[in-house]
Amino acid sequence: MHIDQATINTRRHCVMAGKYNQDWMAALPPSLSALPLANLAIPGSHDSFSFWVDEKSPVAPDQGASIKRLAKISLVKRVMKKWSVTQNLTFKEQLESGIRYFDLRVSSKPEEAGPDIFFIHGLYGIKVWDGLKEINDFLTNHDKEVVLLDFNHFYAMDYGHHLYLVKMLKEVFGNKLCIADCVENITLQHLWEKKKQHQVLIFYHYNIWNDYSFLWPGNKMPAPWANTTNVHKLIQFLETTLGERSKRGTFHVSQAILTPRAKTIVRGLKSGLKNTLVHRNLPVILNWVKTQRPGALGVNIITSDFVELVDFAETVIGLNYLLLKGKKDSS
């Protein structure tokens, strides 16, 4: 896996700055750790695994036939990589910076024999097994931190592939897996009090979930998508969908992301997603985040591209302390 020097420098800076957030859940005061996770502000990443994609591999099954034909030209894959990568930090680095929700899209690789499953976003990323192990290693060393893994897109996967993936999840996380329950019952204190601490909630958007007690149905993790390149339309959409959030029974993802159109990509062929859309709009998005408040009718999970470019995780985590101010004001 080749990583350029600029990315290495960015990671080094972010890891040093983000280490303070690696145990942020453990550091919450009791009045916050007693609240349902659905009422807390939790930072997440969009296309969480896309810190590395393989431009030498075939185009992934989430792309149409026309893109696959174009990708026979080597330059096209280089352009695809610039627009497929939405994160710079590895899973471990994201966890250390405070990220606790992961947006996961997976696929088999039809071009190869064997059951291996990969993360994908336009191009193939790392093997799912490797990513899960990296997350599990972090959790073993930080036993009061909890993650939410949202498997929301599956490609080129038959029933056998799903069985293989579910078996993998059980093998990697074992007793860390949290049994699906009433959403309001899931507090940090509830998870910590278990004899074998539960640290992993898995949301699975495929109907095999009801065969396994540790798989949460995908409809418990709604994630409305604005599908716009306009940051002001995005903010309006986030406000509207928050207003429509269910009071009980689900988590809620605010996808604070901009999505390129075909013409956006054509205009920014060389610059890529980060330099075309993300850099200039992240400050506006972060300002919106700063105005939010968690709670039953407030924000819950907020996701972003390139989570290290601004103080994203730290800002989202900080929103939780507004709930303490509310308690003091009402007492």
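Being a predicted model, the structure only gives us computed values, none of them experimental.
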[X] side chain to [Y] backbone, donor-acceptor under 3.5 Å:
| X | Y | value |
| --- | --- | --- |
| E145 | H142 | no |
| W24 | G98 | yes |
| Q255 | H46 | no |
| E184 | G249 | yes |
| S246 | R248 | no |
| N141 | D137 | yes |
| R245 | H252 | no |
| S108 | A156 | yes |
| E111 | P58 | no |
| N39 | L35 | no |

Can you tell me how far the [atom1] atom of [X] sits from the [atom2] atom of [Y], to the nearest 0.5 Å?
| X | Y | atom1 | atom2 | result |
| --- | --- | --- | --- | --- |
| D130 | I135 | CG | CD1 | 11.5 Å |
| L188 | E193 | CG | CD | 11.0 Å |
| K274 | R280 | NZ | CZ | 15.0 Å |
| L309 | N281 | CG | CG | 12.0 Å |
| T140 | K133 | OG1 | NZ | 8.5 Å |
| K176 | D143 | NZ | CG | 9.0 Å |

Go through it in stages, so that I can follow the logic: the residues are L242 and V299, the test is side-chain contact (heavy atoms from CB on, under 4.5 Å), and I'd like the CA-CA distance, side-chain angles, deciding distance and then a yes or no. CA-CA 7 Å; L242 266 178; V299 291; 3.4 Å; yes
Can you get from [X] to [Y] by hopping between Ile, Leu, Val, Met, Phe, Trp and Tyr side chains that sit under 4.5 Å apart?
| X | Y | result |
| --- | --- | --- |
| L177 | I208 | yes |
| V289 | F237 | no |
| F251 | I42 | yes |
| M221 | L297 | no |
| I257 | I302 | no |

Within a reach of under 6.0 Å around CD of E239, are more than 12 heavy atoms found that belong to other residues, nucleotides or ligands?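 Enclosed: over 12 neighbouring heavy atoms sit under 6.0 Å from CD of E239.
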Student check: side-chain heavy atoms of [X] and [Y] closer than 4.5 Å:
| X | Y | answer |
| --- | --- | --- |
| P260 | W83 | yes |
| L28 | Y321 | yes |
| I186 | P36 | no |
| K290 | T315 | yes |
| S304 | L282 | yes |
| N136 | V200 | no |
| L95 | F102 | yes |
| T259 | W225 | yes |

Show the nearest heavy-atom pair for residues [X] and [Y], with the distance to one decimal.
| X | Y | answer |
| --- | --- | --- |
| L37 | N300 | O-ND2, 3.0 Å |
| I179 | S213 | CD1-OG, 3.4 Å |
| L258 | D305 | O-OD2, 4.2 Å |
| C178 | L201 | CB-CD1, 3.8 Å |
| S84 | V53 | CB-CG2, 4.4 Å |
| V172 | W129 | CG2-CZ3, 3.5 Å |

For the pair N21 and I317, evaluate side-chain contact (heavy atoms from CB on, under 4.5 Å) and give the outcome as yes or no after the intermediate values. CA-CA 9 Å; N21 296 324; I317 294 165; 4.0 Å; yes
Evaluate the side-chain hydrogen bond (donor to acceptor under 3.5 Å, both in side chains) criterion for residues S33 and K144: first the C-alpha distance (whole Å), next the side-chain angles of each, then the deciding distance (0.1 Å), finally the verdict. CA-CA 11 Å; S33 61; K144 286 194 170 183; over 6 Å; no
Under the side-chain contact (heavy atoms from CB on, under 4.5 Å) test against Y164, which residue among V128, I117, D158 passes?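 The passing option is I117.
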Please name the residue in the list Q87, H153, H121 that meets the side-chain contact (heavy atoms from CB on, under 4.5 Å) test with D47.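 For D47, the side-chain contact (heavy atoms from CB on, under 4.5 Å) check succeeds only for H121.
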Please determine whether side-chain contact (heavy atoms from CB on, under 4.5 Å) holds for the pair K109 and E112, giving the CA-CA distance in whole Å, both sets of side-chain angles, and the decisive distance to 0.1 Å. CA-CA 6 Å; K109 191 179 281 189; E112 294 183 2; 3.3 Å; yes
Please find out if less than 6.0 Å separates the ring center of [X] from that of [Y].
| X | Y | answer |
| --- | --- | --- |
| Y204 | F154 | yes |
| F91 | F49 | no |
| F151 | H205 | no |

Taking it one step at a time, do N320 and R293 satisfy side-chain hydrogen bond (donor to acceptor under 3.5 Å, both in side chains)? CA-CA 8 Å; N320 291 304; R293 182 184 176 92; over 6 Å; no
Y124: which of F119, F118, Y155 passes ring-ring contact (aromatic ring centres under 6.0 Å, His included):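 Running ring-ring contact (aromatic ring centres under 6.0 Å, His included) over F119, F118, Y155 with Y124 returns exactly one hit, F118.
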Think K92 forms a cation-pi with F138, using NZ or CZ under 6.0 Å from the six-ring centre and within 45 degrees of its axis?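 Judged by the rule (NZ or CZ under 6.0 Å from the ring centre, within 45° of its axis), K92 is not positioned above F138.
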Among T86, N152, T303, which one satisfies side chain to side chain donor-acceptor pair (under 3.5 Å) with D103?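 Result: among T86, N152, T303, N152 is the only option passing the side chain to side chain donor-acceptor pair (under 3.5 Å) with D103.
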Candidate pair F306 and L89, rule side-chain contact (heavy atoms from CB on, under 4.5 Å), full reasoning: CA-CA 8 Å; F306 299 104; L89 304 184; over 6 Å; no
Cut-off 3.5 Å, side chains only: do K82 and T276 have a donor facing an acceptor?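 On atom types as modelled, these side chains do not qualify, holding no pair under 3.5 Å.
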